[in-house]
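What follows is a single structure, written as structure tokens, with notes after it.
A, B, ... follow the sequence lines: proteins, then strands. Residue 1 opens every chain.
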2 protein chains.
Amino acid sequence: MKQKSTSSGVKEIARRANVSIATVDRVIHNRTGVSEKTRRKIDLIIREMNYQPNILASRLASRKVFHFAILIPRVSEETDYWEAPLNGIQRATAAIKQYGINVDHYFYDLNDKKSFTRQTQIILKQKTDGVLMAPSFIEEAVHFAEECRKRNIPYVFINSDIPQQDSLCYIGPHLFQSGYLGAHLVNLGTSRKGKTLVVNISREIDNHHHLLRKEDGFRSYFKDHGSPQEIIKLDIRQTHYQAVSRKLSKTLRDFPDITAIFVTNSRVSTVASFLEKSGLENILLIGYDFLRENVRYLEKGTISFLICQQPEEQGYQGTMALYDHLVLGTQIEKVHFMPIDIITKENYEFYQTAK
Amino acid sequence: MKQKSTSSGVKEIARRANVSIATVDRVIHNRTGVSEKTRRKIDLIIREMNYQPNILASRLASRKVFHFAILIPRVSEETDYWEAPLNGIQRATAAIKQYGINVDHYFYDLNDKKSFTRQTQIILKQKTDGVLMAPSFIEEAVHFAEECRKRNIPYVFINSDIPQQDSLCYIGPHLFQSGYLGAHLVNLGTSRKGKTLVVNISREIDNHHHLLRKEDGFRSYFKDHGSPQEIIKLDIRQTHYQAVSRKLSKTLRDFPDITAIFVTNSRVSTVASFLEKSGLENILLIGYDFLRENVRYLEKGTISFLICQQPEEQGYQGTMALYDHLVLGTQIEKVHFMPIDIITKENYEFYQTAK
DNA sequence: CTGAAAGCGCTTACAG
DNA sequence: CTGAAAGCGCTTACAG
């Protein structure tokens with residue numbers, strides 16, 4: 001069952017090829033300074049033996065430390081969403097730091113493009129072997145991705161994707177599908193007679209195409225199930241309560257038969273607050289993300305469903321993808337869509353309890 | 001930022017304590033043969049330095065191979081549920097086999113208690129450092145757990161728990177809560193006028209107390225929300241289609257106002273098949289587990305919701321718990337309840353897509 | 001283009 | 001009770 005240690009490893013390869021282990025090492029790592037003939041001979045033996053390098057020994061002997069740069073939004077009062085990915089990243093860090101991985105964090109402000117660019121510039125000055133980023137600002141992220149590519153630094157996208165950017169991989173939600181699911185929940189939770197309101201709340205509705213992709217998915221469901229005319233749309237470009245409240249009041253006055261509201265992002269708690277204050281709690285409310293505020297309204301019943309996409313796992317798996325690629329040389333899946341979780345009053349306690 | 005390598009590690013401890021590294025090693029691993037005085041001195045220095053052993057070096061130098069025994073049901077035609085935990089176990093195995101972990105699988109037949117006992121006996125004859133098991137047969141599992149305890153072999157439960165058995169940990173569903181959630185979904189998906197049918201389908205209803213715990217949760221929801229009298233209960237002790245069909249026919253004839261059926265385990269597809277053939281597809285059907293057959297009916301709309309508990313993660317995390325405990329010496333959480341996922345037609349594609 | 005030797009930070013016999 | 005030395009399977013200068 002178990003091979004004798006003498007019959008595997010670089011030593012054995014060297015013995016069979018009649019060279020030194022240093023030369024074997026050069027071939028294994030595709031380094032220069034080996035004659036074609038020798039290289040071929042060694043390659044052949046490696047294949048024959050189905051040689052698997054011992055990562056323990058490799059990492060121990062190598063003085064090399066890998067530097068990962070994490071570029072994500074700062075956790076703020078306004079949104080504690082990013083706490084979860086950060087936790088996942090820290091969990092991954094704990095698992096791999098033993099193996100000579102250094103993880104540096106660069107936080108930017110979601111309300112300030114400049115801060116994103118500033119952080120990318122710092123990263124590019126640093127010695128960096130891999131990048132994990134949430135590409136919140138498309139243009140800026142594309143530019144940064146180009147710089148990484150030039151330097152041969154692999155980068156992973158989490159939370160939202162920018163396709164065609166040759167990233168190592170994308171780990172995050174399938175936005176269209178999550179909107180589609182949202183519509184399904186509306187359909188389940190209301191009689192089919194009322195109208196449905198879709199609400200985008202964001203200072204950057206036009207830059208944040210991911211909101212629109214969710215809305216598309218939402219509408220598609222109704223198209224597929226035959227009542228697209230019942231959807232009212234409301235864009236709110238100021239995120240504070242007053243603005244949201246004013247806009248909602250008006251819309252609900254104009255359309256008194258609205259029975260469900262779908263908020264395309266985590267700002268659903270603002271809407272919940274409005275409904276509560278207005279005594280409109282029989283309107284079905286659905287939104288995104290496992291934020292403390294949102295969960296509070298879920299508990300109360302003001303919010304019926306939160307759609308979540310395992311942000312903690314996104315951070316964990318994104319970091320591990322860099323590790324697997326850079327350290328273990330594993331092949332990485334280009335796209336990994338997260339499960340679309342439905343959180344309710346009854347199951348929220350068991351969401352994100354992972355250590 | 002980075003400490004010079006000379007100022008950390010056993011060598012440095014040895015230097016400071018004025019002893020050899022062999023003695024330091026003895027203290028680190030709590031081995032005998034060190035004077036109290038020396039031990040105390042070294043312990044102090046270790047604490048002062050906040051010394052963290054280098055696992056890479058430790059695993060490399062140590063000739064020790066850890067043997068994990070995995071005791072779970074064989075994947076059968078009847079239920080492919082156990083494919084998922086097995087995948088998780090294999091993913092964990094791939095991640096840790098580099099570090100001298102040997103993982104052996106022992107499969108038993110869910111319809112055959114004896115096969116469980118037989119496998120436990122084989123395991124006990126083997127050199128085993130840790131056990132991961134699904135304790136499907138309580139009595140037999142308790143007995144095996146005792147034997148492990150005698151031998152100082154830690155064991156992890158997945159999928160269902162046996163409390164008070166001093167396991168290293170339990171990783172799996174909170175059964176009561178998942179039943180509670182099932183009732184919530186019934187409530188959402190039906191008008192409150194109809195009756196609800198709870199169906200237990202198992203040859204071993206009385207041994208499999210976990211079915212009953214789900215039923216309890218289910219009933220509690222209605223109690224908390226005020227209509228317990230509307231629940232009809234049906235136990236079916238033969239699992240083949242004919243038996244299920246016969247029983248269901250009769251019950252639905254007796255209670256024509258049943259509008260929802262809650263099946264307490266993965267055999268919900270049998271009920272779905274019956275409803276389909278009987279043209280009763282407007283009855284809301286809810287059950288458990290992401291099996292191919294179940295998903296087929298989810299797609300068709302015959303089943304509205306499947307409740308799932310990340311079986312793949314149970315396998316992965318269970319295996320890693322053994323690793324963390326035995327190899328890294330990490331403190332392990334006693335109980336880790338899995339998230340309770342709700343799977344629908346719209347989100348099933350994104351469930352269990354993890355590699 | 002190639003090899004001998006030292007070393008990564010531990011563990012393991014073995015000798016005293 | 002303690003220590004010197006070899007070795008785990010690699011990588012890394014360095015010398016030729």
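For Gln317(A) and His336(A), the side-chain atoms include at least one donor-acceptor pair closer than 3.5 Å. No hydrogens or angles considered: nothing links the side chains of Tyr323(B) and Thr330(B) as a donor-acceptor pair under 3.5 Å. In the model, Tyr81(B) has a side-chain atom that pairs as donor or acceptor with a side-chain atom of Asn159(B) under 3.5 Å. Between the side chains of Tyr108(A) and Arg118(A), no donor N or O sits under 3.5 Å from an acceptor N or O.
The phosphate of dC10(C) has OP1 or OP2 within less than 4.0 Å of a side-chain N or O from Tyr51(B). OP1 or OP2 of dT12(C) sits under 4.0 Å from a side-chain N or O of Arg31(B). Between Ser62(A) and dT12(D) there is a side-chain N or O to OP1 or OP2 distance below 4.0 Å. Between Ser58(A) and dC10(D), a side-chain N or O to OP1/OP2 separation shorter than 4.0 Å is absent. An OP1 or OP2 oxygen of dC1(D) is reached within less than 4.0 angstrom by no side-chain nitrogen or oxygen of Ser35(B). In this structure, Tyr99(A) does not reach the dC8(C) phosphate: none of its side-chain N or O atoms is under 4.0 Å from OP1 or OP2.
Closest to the side chain of Ala22(B), from the set dC10(D), dA4(C), dA4(D), is dA4(D). Set against dC10(C), dT2(D), dG9(D), the side chain of Leu60(A) has dG9(D) as its closest nucleotide. Checking dC8(C), dC8(D), dG3(D) against the side-chain heavy atoms of Thr23(B) singles out dG3(D) as nearest.
Across the protein-nucleic acid pair, Leu328(B) atom CG and dC10(C) atom C1' stand 15 Å apart, rounded to whole Å. As a whole-Å value, the separation of Arg40(B) CZ from dC1(D) P is 13 Å. To the nearest angstrom, P of dA4(C) lies 13 Å from NZ of Lys11(A). Lys41(A) has its NZ atom 15 Å from the P atom of dC1(C), to the nearest Å. Whole-Å rounding puts the Asn54(A) CG to dC8(D) P distance at 12 Å. When the P atom of dC1(D) is taken as reference, atom NE2 of His29(B) falls 19 Å away, rounded to whole Å. For the pair Glu12(A) CD and dC8(D) P, the computed distance is 14 Å after rounding to whole Å. The CG-P distance, from Asn18(A) to dC1(C), rounds to 19 Å in whole Å.
A cation-pi arrangement is not found for Lys97(A) relative to Tyr99(A), the charged atom failing to lie both closer than 6.0 Å to the ring centre and inside a 45° cone about the ring normal.
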side-chain contact (heavy atoms from CB on, under 4.5 Å) evaluation trace for Phe68(B) with Thr93(B): CA-CA 10 Å; Phe68(B) 292 0; Thr93(B) 304; over 6 Å; no

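Taking 3.5 Å as the limit, the base of dG3(C) and the side chain of Arg26(A) contain a donor-acceptor pair of atoms between them.
When both pairing distances are held under 3.5 Å, dG16(D) makes a Watson-Crick or G-U pair with dC1(C).
Comparing Thr38(A) and Ala57(A) by the nucleotide of DNA chain C that holds the closest heavy atom to each, the one mapping nearer the 5' end is Thr38(A).
At a threshold of 4.0 angstrom between heavy atoms, the contacts of Ile21(A) include nucleobase atoms, whether or not backbone atoms are also involved.
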